[in-house]
Amino acid sequence: MVFLQEEMSWNVLISPDQLSPKGLLLRKSIIVRLLEDVTNRKASKEHGYYIAVNELKTISEGKVRELTGDVLFPVTFTCITQRPMKGEILVGSVEKILKHGVFLKSGPIESIFLSEKSMSDYKYMGGENPLFMNDHSKLERDTAVRFKVMGFRWMEADRQFQLLASLAGDFLGPL
């Protein structure tokens, strides 16, 4: 996946007990809360997976919420993101093997499906430790695999992308 640097705007909510008349402590509270929010949000359809906050560019004037006393600070920052792309070649590891295919994991992407139909020369071998095998190699749990992204979709409820992978192509398969 390609790493991108995105400039983003976000609203950071600071509770009254974290407010301080000293500017540096307030700035620290805003940065800590921003990092927590980015970590909890994990990813978005537009930007992909949030990898790291690079730089806090601006902190605008806070607005007090009347009912709670919390203060909302609009902030602008740069963030390193990672977004899957169709046709991209990635490396992942085998997480789970089923009769109909294999689930892989690659970096922050935890839901990559490699269908048995896209592994035409591999045969499923069931048992206690299932695997897919051909004349030259085998796919079993924790095997590193180079694959091609055939398509993907954003799952809002899980806040993650699901990828459909293939081994059809040169230099693709177990490493």
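Positions are given from 1 along the sequence. All values below come from the heavy atoms of this structure, side chains included, with hydrogens, waters and symmetry mates left out.
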Stepwise side-chain contact (heavy atoms from CB on, under 4.5 Å) test for Met133 and Met125:
CA-CA 7 Å; Met133 187 175 235; Met125 307 290 209; 4.3 Å; yes
Kindly determine whether Lys63 and Arg65 satisfy side-chain contact (heavy atoms from CB on, under 4.5 Å), including the steps that lead there.
CA-CA 6 Å; Lys63 298 174 184 111; Arg65 291 194 161 174; over 6 Å; no
Begin with the C-alpha distance, continue with both residues' side-chain angles, and end with the deciding distance and a verdict on side-chain contact (heavy atoms from CB on, under 4.5 Å) for Ile109 and Leu163.
CA-CA 8 Å; Ile109 304 175; Leu163 273 62; 3.8 Å; yes
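Phe161 and Leu164 fall into different hydrophobic clusters, where Ile, Leu, Val, Met, Phe, Trp and Tyr side chains are chained together by heavy-atom contacts under 4.5 Å. Note on Leu172: it does not cluster hydrophobically with Met119, by side-chain heavy-atom contacts below 4.5 Å among ILVMFWY residues. By the criterion of side-chain heavy atoms lying less than 4.5 angstrom apart, applied directly or through intervening Ile, Leu, Val, Met, Phe, Trp or Tyr residues, Val53 is grouped together with Ile30 in one hydrophobic cluster.
Closest of all the heavy-atom pairs between Asp70 and Ser15 is OD1-CA, 3.4 Å. Heavy-atom minimum distance, Val94 versus Glu140: CB-O, 3.3 Å. The two atoms that bring Phe152 and Arg83 nearest to each other are CZ-NH1, 3.9 Å, heavy atoms only. When every heavy atom of Ile51 is checked against every heavy atom of Pro108, the shortest pair comes out as CD1-CG, 4.4 Å. Of all the heavy atoms in Ser137 and Tyr122, the pair that sits closest is OG-OH, 2.8 Å. Nearest heavy-atom pair, Gln160 versus Tyr49, reported as atom, atom and distance to 0.1 Å: CB-OH, 3.4 Å.
Under the 3.5 Å distance criterion, the side-chain polar atoms of Ser93 are left unmatched by any main-chain donor or acceptor of Asp142. Remark: the backbone N or O of Lys117 is paired with a side-chain donor or acceptor of Ser115 at under 3.5 angstrom. Arg159 contributes a side-chain N or O that, together with a main-chain N or O of Ala43, makes up a donor-acceptor pair within less than 3.5 Å. Under the 3.5 Å distance criterion, the side-chain polar atoms of Arg146 are matched with a main-chain donor or acceptor of Phe171. Between the side chain of Ser118 and the main chain of Leu114, no donor-acceptor pair closer than 3.5 Å is present. Judged by distance alone, the side chain of Asn134 and the main-chain N or O of His136 form a donor-acceptor pair under 3.5 Å.
Under the 4.5 Å side-chain criterion, counting only non-hydrogen atoms from C-beta, Phe147 is in contact with Ser106. Contact check for Leu90 versus Glu88: side-chain heavy atoms found under the 4.5 Å cut-off. Residues Met155 and Gln162 have side chains in contact (heavy-atom distance under 4.5 Å, counting atoms from C-beta outward). In this structure, Ile14 and Arg33 have side chains that are in contact, with non-hydrogen atoms separated by less than 4.5 Å. Looking at heavy atoms from C-beta onward, Ile112 lies out of side-chain contact with Val102 at the 4.5 angstrom threshold. At least one side-chain heavy atom of Val91 sits under 4.5 Å from a side-chain heavy atom of Leu175. Residues Ile97 and Phe132 are in side-chain contact: their nearest non-hydrogen atoms beyond the backbone lie under 4.5 Å apart. Between Val12 and Leu72 there is no side-chain heavy-atom pair separated by less than 4.5 Å.
Separating the OG1 atom in Thr81 from the CG atom in Leu4 is a distance of 4.5 Å, to the nearest 0.5 Å. The CG atom of Leu26 sits 7.0 Å away from the CD1 atom of Ile59 when rounded to the nearest 0.5 Å. The distance from atom OH of Tyr124 to atom CG of Leu139, rounded to the nearest 0.5 Å, is 12.5 Å. A distance of 6.5 Å separates OG1 in Thr68 from CG in Leu13, rounded to the nearest 0.5 Å.
For Lys96, the NZ atom is loosely surrounded, since the number of other residues' heavy atoms within 6.0 Å does not exceed 12. Counted within 6.0 Å of CD on Glu55, heavy atoms from surrounding residues, nucleotides or ligands total more than 12; the atom is thus considered enclosed. Around atom CD of Glu66, no more than 12 heavy atoms belonging to other residues, nucleotides or ligands sit under 6.0 Å away.
Under the side chain to side chain contact (heavy atoms under 4.5 Å, CB included) rule, Phe77 has a single partner from Met8, Lys57, Glu7, Glu6, which is Met8.
A side-chain donor from one of Gln5 and Asn54 sits under 3.5 Å from a side-chain acceptor of the other. Side-chain contact annotation: Tyr50 with Ser44, donor-acceptor N/O pair under 3.5 Å present.
Relative to the ring axis of Trp10, Arg41 places its NZ or CZ within 45° and under 6.0 Å from the centre.
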